[in-house]
Trainee: 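Here you go, one structure.
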Amino acid sequence: MDDQSIQSQAIGVFDSGIGGLTVANAILAQLPNESICYFGDTAHIPYGTKQVPTIRQYCEQITTFLLTRSCKAIVVACNTATAAALPHLRAKWPDIPFIGMEPAVKPAVMASKSHKIGVLATQTTFKSPRYQNLLTRFAEGYTCFENPCIGLVERIEAGEWEHPAVHLLLQKIIEPMLESGVDTLVLGCTHYPFVQPTIASIAGRKVEIIDPAPAIARQLARVLAKHALSQLQPIVPKHEFWVSGNEDSMRRALTRTALGGDWEINRFKGEQR
Ligand code: DGL
């Protein structure tokens with residue numbers, strides 16, 4: 001494979017479902033020449049309540065598949081999968097650049113004036129040594145109010161982004177944080193930006209909401225450049241979308257985001273899964 005053909009290969013992006021599309025959108029906004037091969041593990045969603053070894057196994061199988069699609073780099077567009085599997089994936093495929101996600105505690109701490117931040121993420125992310133390490137490194141002297149938002153990922157995956165029950169659920173989560181003086185909220189799960197308008201309407205204009213997707217796209221750009229993998233020629237990108245289970249959520253989410261709904265959604269049969 002010559003250099004140019006390596007550069008024209010897609011970036012693999014995966015998540016348990018549609019959440020990683022929020023990251024894919026940020027990547028395409030920043031790197032419009034790049035092609036994306038997206039994998040939503042809809043057969044196994046949610047990851048956030050599963051055990052680490054199980055998530056690791058799914059991530060390994062997805063990576064193996066994305067490499068059969070000749071992806072030149074892989075974005076683990078899921079905080080939970082990153083917490084459970086990123087070092088493991090890097091050790092198994094040392095030649096592949098992996099870009100992971102973690103709750104944006106550092107930017108939140110930098111933005112907070114009240115020294116009180118709210119973090120919305122999944123149970124598995126909160127329990128991970130990676131997250132605990134983030135708190136130790138960046139949040140000393142700050143109070144972090146955490147909520148695993150039980151049931152929210154499933155509702156977002158079902159397309160109930162503006163559903164009154166979602167509003168109520170978010171109200172129960174966010175209002176106590178506001179009463180405690182939180183002035184910054186971290187979206188520590190890639191599904192949550194789909195309900196950012198509802199979160200913003202509850203939190204009000206004085207609360208800053210941090211979605212790390214644009215920062216991940218910038219980090220991806222740096223990593224691609226460092227490995228001489230950037231697609232610098234203007235081309236028409238060729239995106240691919242794959243699901244391991246139900247495709248309805250992917251279809252719905254694509255239709256309602258900047259990517260548009262006009263894509264073939266491929267069903268991963270997964271003989272090896
Ligand atoms: N989107 C995933 C994340 O960023 C979690 C969703 C799930 O629980 O499957 O953590």
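Hydrogens, waters and symmetry mates are skipped; everything else that's a heavy atom, side chains included, is used. As the structure is a computational prediction, the values presented were derived from the model and not from experiment.
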Trainee: Could you tell me whether the side chain of S114 and the main chain of G181 form a donor-acceptor pair under 3.5 Å?
Mentor: yes

Trainee: Ignoring hydrogens and geometry, is there a side-chain-to-backbone donor-acceptor pair from T124 to K50 under 3.5 Å?
Mentor: yes

Trainee: Using every non-hydrogen atom in the two residues, find where A104 and P212 come nearest and quote the distance to one decimal.
Mentor: CB-CB, 4.3 Å

Trainee: Decide, yes or no, whether a salt bridge links E34 with K72 under the criterion of side-chain N to carboxylate O below 4.0 Å.
Mentor: yes

Trainee: Against I74, only a single residue in L67, I62, L89 fulfils side-chain contact (heavy atoms from CB on, under 4.5 Å); can you say which?
Mentor: L67

Trainee: Can you give me the closest heavy-atom contact between D15 and G20, atom names plus distance?
Mentor: OD2-N, 3.2 Å

Trainee: Any sub-3.5 Å donor-acceptor pair from S112's side-chain atoms to A108's backbone N or O?
Mentor: no

Trainee: Any donor and acceptor pair, going by atom type alone, linking the side chain of T82 with main-chain N or O of M101 inside 3.5 Å?
Mentor: yes

Trainee: Consider ring-ring contact (aromatic ring centres under 6.0 Å, His included). Of F14, Y38, F65, F39, which one does W242 pass it with?
Mentor: F65

Trainee: Does L152 share a hydrophobic cluster with F126, counting links as ILVMFWY side-chain heavy atoms below 4.5 Å and allowing steps through other members?
Mentor: no

Trainee: Is there a path from L134 to F145 through hydrophobic residues (I, L, V, M, F, W, Y) whose side chains come within less than 4.5 Å of each other?
Mentor: no

Trainee: Does T198 form a side chain to side chain contact (heavy atoms under 4.5 Å, CB included) with Q171? I'd like the steps, not just the answer.
Mentor: CA-CA 9 Å; T198 304; Q171 234 172 344; over 6 Å; no

Trainee: For a side chain to side chain contact (heavy atoms under 4.5 Å, CB included) check, start with the C-alpha distance between Y192 and I156, then their side-chain angles and the critical distance, and finish with the verdict.
Mentor: CA-CA 8 Å; Y192 301 164; I156 292 172; 4.0 Å; yes

Trainee: Would a 4.5 Å heavy-atom cut-off, applied to side chains only, mark E60 and W93 as touching?
Mentor: yes

Trainee: Does M250 belong to the same Ile/Leu/Val/Met/Phe/Trp/Tyr cluster as L28, with side-chain heavy atoms less than 4.5 Å apart forming each link?
Mentor: yes

Trainee: Hey, is the main chain of Q233 close enough, under 3.5 Å, to the side chain of Q231 for a donor-acceptor pair?
Mentor: yes

Trainee: Give me the one residue out of N79, D41, T122, T54 that meets side-chain hydrogen bond (donor to acceptor under 3.5 Å, both in side chains) with Y47.
Mentor: D41

Trainee: Minimum heavy-atom separation for I202 to H167, with atom names?
Mentor: CD1-O, 3.7 Å

Trainee: Taking a hydrophobic cluster as the set of Ile, Leu, Val, Met, Phe, Trp and Tyr residues connected by side-chain heavy atoms closer than 4.5 Å, whether directly or through intermediates, do V182 and Y131 fall within one such cluster?
Mentor: no

Trainee: Could you tell me which non-hydrogen atom of L185 sits nearest to which non-hydrogen atom of A203, and how far apart they are?
Mentor: CD1-CB, 4.1 Å

Trainee: Would you confirm whether R251, through its side chain, and W263, through its main-chain N or O, come within 3.5 Å as a donor-acceptor pair?
Mentor: yes

Trainee: With no hydrogens and no angle check, is any side-chain donor or acceptor of Q7 less than 3.5 Å from a backbone partner on A228?
Mentor: yes

Trainee: Side chains of P97 and L229, heavy atoms from C-beta outward: is any pair under 4.5 Å?
Mentor: yes

Trainee: With hydrophobic residues grouped by side-chain heavy-atom distances under 4.5 Å, do V52 and I45 end up in a single group?
Mentor: no

Trainee: Examine distances only and state if a side-chain atom of D183 and a backbone atom of V207 form a donor-acceptor pair shorter than 3.5 Å.
Mentor: no

Trainee: Which is it for T42 and N246 under the side-chain hydrogen bond (donor to acceptor under 3.5 Å, both in side chains) test, yes or no, and what are the steps along the way?
Mentor: CA-CA 6 Å; T42 56; N246 195 309; over 6 Å; no

Trainee: Quick one: does P46's side chain get under 4.5 Å of E154's, heavy atoms only?
Mentor: yes

